[in-house]
Amino acid sequence: LDPSSNCTYYYHTVTKVSSWQVPGMPEAIGRASPATTNGGASTSMPPAPSQVTGWRFVLWDHWGCPELGASVLEGEMRAEGSTAGHEWLKLHMDGEEPFFSDGVYSDGSFVSLRLSPAGGRVRWAGYQDLRGDYYFVDTETGVRSWRAPFALQPAPHHDELIGQDAAVRIVGLQGCPRYNGQAGWVHSFRSGFAVVQLPDVLGATSLQMSCDHLAPLERGQLVEVRRLVEAPELNGQVGTVVSQADSSYNVKFPEGDIRSLKCSNLLPRSRLWDLRLDQSQAWLKWGKEQHFLFIDSSHTSQKYSVHLPLKWEEWLRGDGRSPGEREPWPLLVYLHGAAGRHIFRFSKKSLCTAGLQYAAEKFVVISPVCNWNWNELPGTWVGELVGHLRAADWIDHNRVYLTGCSMGGMSTWEISAQIPHAIAAVAPVAAYHMVDRRGLIASQLSRMPIFAVHSLVDTLCPYENEQLLWQALKEQGNSYMQVSISHDVDHNSMKERAFCDDKTLYDWLLMHRRHPREPESIDV
């Protein structure tokens, strides 16, 4: 907002250009500039604002300016040239050149407005009637309609377990698959779409989606009772869904009692059971990581620890920025060795090293308590834990990294092979692998950026054995692997060499982001 004129202006962070005009919006329907509000008096452009964010695309609401609090759609719109075979809507406005859109919602909101689409064909035409309302014509059939074409408006959902305030499970998302399996509650409905709110620990994110992506809660889902009038003493108590019947769920409580409760009286709880985000440190301290429980798919409690970034409190305050404008944090998953020590528990002296200081500043660091032995496969629950953290709005789901030393290095190989779609890069240190798993690991990680750190004098996890896996990865076409060799560091000292001495490993990881093989579609 320009304080001198009380008009809104826009600043492009790439081109460094300020404008009174809404980006991409025709001037006839853009916001007024001081020149129009001050009787035509010329007004110079204001300077770049002190805090700016660029735009990836704009959500139009009824041909007005982007509305405050409008739903934010994930992912960038189609790149120019990728629209071959796509059907477009050509929008005609009085006195203006026609516009093209490849996405229209049934409430009149238009997304991804473009001029001269680079491919595809115009299937529909949109016109204004004498009252200014829009109607649409199918150019192939001649059929006219007040309803916007390809609006994704679903048919009414008849499942009694899917309704206002209902506890639901998200399924079938293609563009935002990290939300699949998450439980939330239906906050409201908008133009045939459901607005689902996720648990507070994930950021209380609100997602707008088709009702086709909502399903009843699964058996074993943790729920908290709320808004119960007939038995208020149950409000706030937590139980487990054991079955469903009609519009209700049978919920079992810790004392063994089973009660039938309506879906609107249940608030899903995250499997990140007791995770708290209100305790952080301004500098790295010994033993200050927090310990929490994760409820895995077999309903077993698993332990893990969390260290929030040193500037977490500053990030939470946001300096005036809304939560959606704050850059989420990369996630570093550290898998410990047989000794079971967290990355910030090597020694008190190590906390002062450049490497650990850097890690504490740049990452959310989690360390699962690895409840398997050196010759056993890691449990699948770590991948489940990572999946739930990727749904949090404070985690950058495209920057999740795995690393570990010795047994933790073996676990890095195995867990990243379980969930390669969720991981941006891995860094196994002084690692080993199971010979019979070599082919599977190499196949699963054929496109994974890998930073392997090893020593030529490691007698516990010999260098020559790991070379065989590196060769198998190369044969599978992995061209993203880099190997860092130490010539005189023994196995027990490799932790300090890789994680403490400098920030090389961390910088290498941060160079990489997860890039889906297919462009993400917009279904949320």
Side-chain angles (χ1 to χ4, degrees), residues 159-171 179-188 194 196-207 214-279 289-306 366-372 379-389 391-392:
D159 194 325
E160 295 183 1
L161 290 171
I162 309 297
Q164 183 75 38
D165 295 328
V168 295
R169 179 169 52 95
I170 300 172
V171 297
Y179 295 124
N180 288 331
Q182 298 297 326
W185 61 281
V186 178
H187 177 274
S188 58
V196 179
Q197 183 168 316
L198 299 183
D200 290 349
V201 72
L202 300 180
T205 308
S206 292
L207 307 172
L214 303 183
L217 300 178
E218 288 185 307
R219 184 178 184 275
Q221 172 67 49
L222 295 165
V223 290
E224 179 181 331
V225 181
R226 63 170 182 168
R227 304 175 183 174
L228 198 61
V229 177
E230 58 273 20
E233 69 278 3
L234 290 179
N235 289 329
Q237 292 194 31
V238 176
T240 304
V241 172
V242 293
S243 62
Q244 66 182 64
D246 298 326
S247 61
S248 300
Y249 290 99
N250 294 320
V251 179
K252 185 176 182 179
F253 294 94
E255 298 80 10
D257 297 338
I258 297 179
R259 299 289 295 267
S260 178
L261 299 170
K262 293 182 178 179
C263 56
S264 58
N265 292 124
L266 300 177
L267 185 68
R269 291 286 299 269
S270 172
R271 285 160 61 183
L272 301 169
W273 174 243
D274 54 351
L275 178 60
R276 296 182 58 182
L277 304 174
D278 58 351
Q279 299 179 13
E289 59 273 7
Q290 303 175 76
H291 304 278
F292 301 110
L293 294 177
F294 172 71
I295 311 301
D296 67 16
S297 57
S298 66
H299 318 308
T300 303
S301 299
Q302 305 289 355
K303 298 178 181 179
Y304 69 104
S305 60
V306 175
I366 70 166
S367 187
V369 176
C370 302
N371 51 359
W372 53 86
T380 58
W381 69 267
V382 177
E384 296 175 13
L385 171 62
V386 169
H388 278 260
L389 289 168

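For the single chain, residues carry numbers from 1 onward in sequence order.
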Handout entry: Pairwise side-chain contact, Ser298 with Trp381, heavy-atom cut-off 4.5 Å (strictly under)
Key = no
Practice task
Could you tell me whether a side-chain N or O of Asp274 sits under 3.5 Å from a main-chain N or O of Leu293, the two making a donor and an acceptor?
Solution key: yes
Practice task
State, without any angle test, whether Glu289 and Ser305 hold a side-chain donor-acceptor pair at a distance under 3.5 Å.
Solution key: no
Exercise for the section: Side-chain contact test, heavy atoms from C-beta onward, threshold under 4.5 Å: evaluate it for Thr240 versus Phe253 and give yes or no. Expected result: no
Problem - Any side-chain heavy-atom pair of Leu267 and Val223 under 4.5 Å - result: no
Fill in the blank from the handout: One should read off an interatomic distance between Gln244 CD and Ser260 OG, to the nearest 0.5 angstrom, of 11.5 Å
Exercise for the section: Specify the closest pair of heavy atoms between Ala391 and Tyr179, including all atoms of both residues, with the distance to one decimal. Expected result: O-CE2, 3.7 Å
Handout entry: Arg219 (side chain) donor-acceptor with Ser243 (main chain) under 3.5 angstrom
Key = no
Problem - NZ or CZ of Arg271 within 45° of Trp273 ring axis and under 6.0 Å - result: no
Problem - Main-chain N/O of Ser270 paired with Gln182 side-chain donor or acceptor, under 3.5 Å - result: no
Problem - Inter-residue atom distance Leu266.CG - Arg227.CZ, 0.5 Å rounding - result: 11.5 Å
Exercise for the section: Would you kindly say whether Gln302 and Asn371 are connected by a side-chain donor-acceptor distance under 3.5 Å? Expected result: yes
Problem - Exam field: side chain Asn235 to backbone Leu228, donor-acceptor pair closer than 3.5 Å - result: yes
Exercise for the section: May I ask you to decide if Cys263's main-chain N or O and Tyr249's side chain share a donor-acceptor pair within less than 3.5 Å? Expected result: no
Problem - Atom pair OG/NZ of Ser248 and Lys262 - distance to nearest 0.5 Å - result: 7.0 Å
Practice task
Give the intermediate values and the outcome of side chain to side chain contact (heavy atoms under 4.5 Å, CB included) for residues Val251 and Val242.
Solution key: CA-CA 6 Å; Val251 179; Val242 293; over 6 Å; no
Exercise for the section: Tell me, please, whether Trp185 has Arg226 positioned over its six-membered ring: NZ or CZ under 6.0 Å from the ring centre and within 45 degrees of its axis? Expected result: yes
Exercise for the section: Answer whether the closest heavy-atom distance between the side chains of Ile366 and Leu389 falls below 4.5 Å. Expected result: yes
Exercise for the section: Determine the interplanar angle of the Tyr304 and Phe292 rings, folded into 0 to 90°, and report it as parallel if under 30°, tilted if 30 to 60°, perpendicular if over 60°. Expected result: tilted
Exercise for the section: Step by step, work out the side chain to side chain contact (heavy atoms under 4.5 Å, CB included) result for Val186 and Asp165. Expected result: CA-CA 5 Å; Val186 178; Asp165 295 328; over 6 Å; no
Handout entry: Student check: side-chain heavy atoms of Gln290 and Gln279 closer than 4.5 Å
Key = yes
Exercise for the section: Looking only at non-hydrogen atoms, find the nearest pair between Gly184 and Pro268 and report the distance. Expected result: O-CG, 3.2 Å
Fill in the blank from the handout: Closest heavy-atom pair, Pro216 versus Arg169, reported as atoms and distance to 0.1 Å, is O-NE, 3.1 Å
Exercise for the section: Taking the side chain as every heavy atom from C-beta outward, state whether Ile295 and Ser301 have any pair of such atoms under 4.5 Å apart. Expected result: yes
Practice task
Output, in order, the C-alpha distance, side-chain angles, deciding distance and verdict of side chain to side chain contact (heavy atoms under 4.5 Å, CB included) for Lys303 and His291.
Solution key: CA-CA 7 Å; Lys303 298 178 181 179; His291 304 278; over 6 Å; no
Problem - Minimum side-chain heavy-atom gap Leu198-Leu207 below 4.5 Å - result: yes
Practice task
Answer yes or no: is there a donor N or O on one side and an acceptor on the other, between the side chain of Asp200 and the main chain of Ala204, under 3.5 Å?
Solution key: no
Completion exercise
Closest heavy-atom pair, Gln221 versus Ala183, reported as atoms and distance to 0.1 Å, is OE1-CB, 3.6 Å
Handout entry: Evaluation steps, side chain to side chain contact (heavy atoms under 4.5 Å, CB included), between Leu202 and Leu272
Key = CA-CA 9 Å; Leu202 300 180; Leu272 301 169; 3.8 Å; yes
Exercise for the section: Taking the side chain as every heavy atom from C-beta outward, state whether Arg269 and Val238 have any atom pair closer than 4.5 Å. Expected result: yes
